[in-house]
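Data block below; observations after.
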Amino acid sequence: MGKKGKKDKKGKGVEKNATKMEKKISKQSKREEEDLETLIAEFRQLDAKKTQVTEVACSFPLPRLNASLSSYPEKDELILFGGEYFNGQKTFLYNELYLYNIKRNAWTKLEIPNPPAPRSAHQAVVIPQADGQLWVFGGEFASPNGEQFYHYKDLWVLHLANRTWEQIKVTGGPSARSGHRMAVCKRQILVFGGFHESTRDFVYYNDVYSFNLDTFTWTKLFPSGTGPCPRSGCQMASTLDGNVVIYGGYSKQRVKKDVEKGIVYTDMFLLKNEGKEGEDKWTWVRLNPTGIKPSPRSGASLAVAPNNRMVLFGGVHDEEEEEDIQGEFFNDIYLYDMVKNRWFAGKLKERKGEKRKRRRGTKEEGGVKVENESPKSRSSTEIVKEVVTEDGTVMTVKQVMNSSDSKPITGSEMEEEEEEEEDSETSPFIKPCPRSNAMAAIKHGVLYIYGGMFEVGDRQFTLNDLYCIDLHKMDEWKVLVETDPKTQEWLDEEESEGEEECGGAAGGEDEEDEEEDDDSSEDEGDDHPAVQPPESYSEYLSRTETYWIKLAKDNMGQNAKEKKTLKVAQAMAKTFYDNNV
């Protein structure tokens, strides 16, 4: 009893501190939010002037991240809403709505009167009710200079059948936040976690709210058991039996005054519904999955696949040292089986060049039928092996080993012999470039990845490309929309006079421009080792790496850590190589 009471008291203390912090932040950020509310009101006035629904075909949306991509319930289409873009000096927030037609590989911009205000890091879910609805909750709006934030707590529904937005104004819902997660669980929409940030402070949440789709009411849930600590950006998926899986996430902790440390979580929880019909009785259960787990990361993208699986794509792992952050971006796939509680890596199957095949058996030589020698007519040994695949399936493989030949003959080789005259080299794979904060959706067992961002040095590249992969075949990525991120505008921050630090050290052309501005000597930035066609990037880097490491040290300082210096050097070399081939 004593231990339990102590734990309950501790849990109440954490909740009390969170509530106290939330009140503090609310008071501190009231003035800046009032300023942003004025700006948001101007956007709403512009939207209010639109009185008709319009659909305009377009090539593709502008680059963005932290938008939402959803599968249209009744059509072969995807729905893209909101998002943000940063060009180096200014932050842009969107409330644009796009439809992507899968069969036609075509984008349409849909303008509907009185939409939600511009936002990013919101959450959206779709339900088939009333010929399809898109529900949107929360998110954030940032000032153009990216220094002030406004967090939403509004709930919207887009009626897809009649193309209308409706704000659902009910009380009792979650506080204003972004980076939360949302999932449909039977006739409820569940909201978990998120954060609220102002210029002075921040708070992370681990509360759970339920919105009833029949009664249109919010309910705060109080699950029993020990759940996840406060976090944002986790992965959340509902299971077929009405439970919810939570994986990972991110939070910041204040180490000391003006010093914060980011924490990436890799734990997993099951929010289990143990109540009867119409009863909200939930329990947290800690999960310990088996298999090949994802490496620690944040900013990954999640979509729920058929067969009760969730799919994780990409993300970034930041190495934080003092005020410097170096990120490693990913473009890999991991799948989690919610029934077997098992992770496995989604590796692409190797594709080989086509080979001519001819049947073993009867063939003709000079008009005379000749029976091919049966493999089993020779002296042979049968070998039986059991192989466990990545998804846990056990396969039995039989091999026949000839006494005169050390090469095993498999069952398929008994039936047909492959001629090796054709090219059998493995075909190269096409993949989306590594990225974080991309948008993901699944339709008919096909995973679609749109946009996101990656960084090189101090420069951020925001994407608007679109890729897809058939999760049943896992044989290849297909490029649906291809864009070149190097062509997008990037405006460096204005540097104070006499400042030594080079903001575009890893940016190739940016670095040369800055050197020309700071130094009147002609062509000083063009003295990099020239690319010697037809050498590949790896050959070029091998030949010139010492030069780029020295250049990186000159820009970063001789006391810079070796690992960071190497990363910047390689980024500089890659940018220069790409611009000169």
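- For Arg435 (side chain) and Gly451 (main-chain N/O), a donor-acceptor pair under 3.5 Å exists by modelled atom type.
- Aromatic pair His122/Phe81: centroids less than 6.0 angstrom apart.
- Under the salt bridge (Lys or Arg N to Asp or Glu O under 4.0 Å) criterion, Lys252 pairs with Glu197, Glu260, not counting sequence neighbours.
- Heavy-atom minimum distance, Cys468 versus Val446: CB-CG1, 3.8 Å.
- Taking the side-chain contact (heavy atoms from CB on, under 4.5 Å) definition, one finds that Pro73 meets it with Val126, Pro128, Leu160, sequence neighbours left out.
- With sequence neighbours left out, Gln123 forms a side-chain contact (heavy atoms from CB on, under 4.5 Å) with His180, Arg181, Met182.
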Trace of the salt bridge (Lys or Arg N to Asp or Glu O under 4.0 Å) decision for Lys347 with Asp332 = CA-CA 8 Å; Lys347 294 181 180 178; Asp332 47 3; over 6 Å; no
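- Under the ring-ring contact (aromatic ring centres under 6.0 Å, His included) criterion, Tyr72 pairs with no residue at all, not counting sequence neighbours.
- Residue pairs meeting the salt bridge (charged side-chain N to carboxylate O under 4.0 Å, His left out) criterion with at least one partner in residues 234-243, sequence neighbours excluded, do not occur; the list is empty.
- Every ring-ring contact (aromatic ring centres under 6.0 Å, His included) that Trp107 has, sequence neighbours left out, goes to Tyr100, Tyr450.
- For the pair Arg297 and Asp318, the salt-bridge criterion is not met [side-chain N within less than 4.0 Å of a carboxylate O].
- In this structure a side-chain-to-backbone donor-acceptor pair under 3.5 Å is present from Asn331 to Pro432.
- In terms of modelled atom types and a separation under 3.5 Å, the side chain of Glu482 and the main chain of Val479 share no donor-acceptor contact.
- At a cut-off of 3.5 Å, with distance as the only test, a side-chain donor of Asn437 or Asn66 sits close to an acceptor on the other residue.
- Considering only residues two or more places apart in sequence or on other chains, Ala142 meets the side-chain contact (heavy atoms from CB on, under 4.5 Å) condition with Thr91, Leu93, Phe149.
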How far apart are the C-alpha atoms of Thr483 and Asp465, what are their side-chain angles, what is the distance that settles it, and do they pass the side-chain hydrogen bond (donor to acceptor under 3.5 Å, both in side chains) test?
-> CA-CA 6 Å; Thr483 56; Asp465 50 4; 4.9 Å; no
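- Using a distance-only test at 3.5 Å, with no hydrogens or angles considered, no donor-acceptor pair links the side chain of Ser542 to the main chain of Ser538.
- A donor-acceptor pair under 3.5 Å is absent between the side-chain atoms of Asn206 and the main chain of Cys229, judged by distance alone.
- Without hydrogens or angle criteria, Arg119 side chain to Gly138 main chain gives a donor-acceptor distance under 3.5 Å.
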Test side-chain hydrogen bond (donor to acceptor under 3.5 Å, both in side chains) applied to His444 and Asp76, step by step = CA-CA 9 Å; His444 301 314; Asp76 288 337; 2.6 Å; yes
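- Heavy atoms only, all atoms of each residue included: Asn105 and Leu480 are closest at ND2-O, 3.3 Å.
- With sequence neighbours left out, the salt bridge (Lys or Arg N to Asp or Glu O under 4.0 Å) criterion links Asp470 to no other residue.
- For the pair Cys58 and Tyr98, the minimum side-chain heavy-atom distance is below 4.5 Å.
- Here Trp135 and Phe211 bring their ring centres to under 6.0 angstrom of each other.
- Ile333 places none of its side-chain heavy atoms less than 4.5 Å from the side chain of Leu312.
- Other residues, nucleotides and ligands contribute only 12 or fewer heavy atoms inside 6.0 Å of the NZ atom of Lys473.
- Of the possible polar contacts, none joining the Ser120 side chain to the Ala67 backbone as a donor-acceptor pair under 3.5 Å is found.
- Side chain of Arg459 to backbone of Gly457: no donor-acceptor contact under 3.5 angstrom is found.
- With a 4.5 Å cut-off on side-chain heavy atoms, Pro434 and Phe454 do not count as touching.
- A heavy-atom distance below 4.5 Å is not found between the side chains of Leu158 and Val136.
- For Thr266, the side chain to side chain donor-acceptor pair (under 3.5 Å) criterion is met by no residue, not counting sequence neighbours.
- No donor-acceptor distance shorter than 3.5 angstrom exists from the side chain of Ser210 to the backbone of Gln188, with no hydrogens or angles considered.
- For the pair Arg177 and Phe195, the cation does not sit on the ring face, since its NZ or CZ is not both under 6.0 Å from the ring centre and inside 45° of the axis.
- In terms of the side chain to side chain donor-acceptor pair (under 3.5 Å) criterion, residue partners of Glu140 (sequence neighbours excluded) are, by chain and number, Ser178.
- Applying the salt bridge (Lys or Arg N to Asp or Glu O under 4.0 Å) rule to Glu96 yields the partners Arg64, Lys109; only residues at least two apart in sequence or on another chain are considered.
- Within the 4.5 Å cutoff, the side chain of Met236 has heavy atoms near those of the Leu190 side chain.
- Annotation: cation-pi geometry not satisfied between Arg309 and Tyr336 (NZ/CZ under 6.0 angstrom from ring centroid, within 45° of ring axis).
- Side-chain atoms of Lys443 come within 3.5 Å of backbone N or O of Lys75 as a donor-acceptor pair.
- If you look at Trp490 and Phe86, their ring centroids are closer than 6.0 Å.
- Listed by chain and residue number, Asn87, Leu491 satisfy the side-chain contact (heavy atoms from CB on, under 4.5 Å) test with Glu489 (two or more places apart in sequence, or in another chain).
- Asp475 is not listed as a side-chain neighbour of Leu348, based on a closest heavy-atom distance of 4.5 Å or more.
- Considering all non-hydrogen atoms of both residues, Cys433 and Leu463 come closest at SG-CD1, 3.8 Å.
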Would you please test Ser251 and Tyr265 for side-chain hydrogen bond (donor to acceptor under 3.5 Å, both in side chains) and show each step?
-> CA-CA 8 Å; Ser251 71; Tyr265 301 100; 2.8 Å; yes
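- Proximity of Phe192 to Val208: side-chain heavy atoms (C-beta onward) are separated by under 4.5 Å at one or more points.
- Heavy atoms only, all atoms of each residue included: Arg342 and Thr290 are closest at CG-OG1, 3.3 Å.
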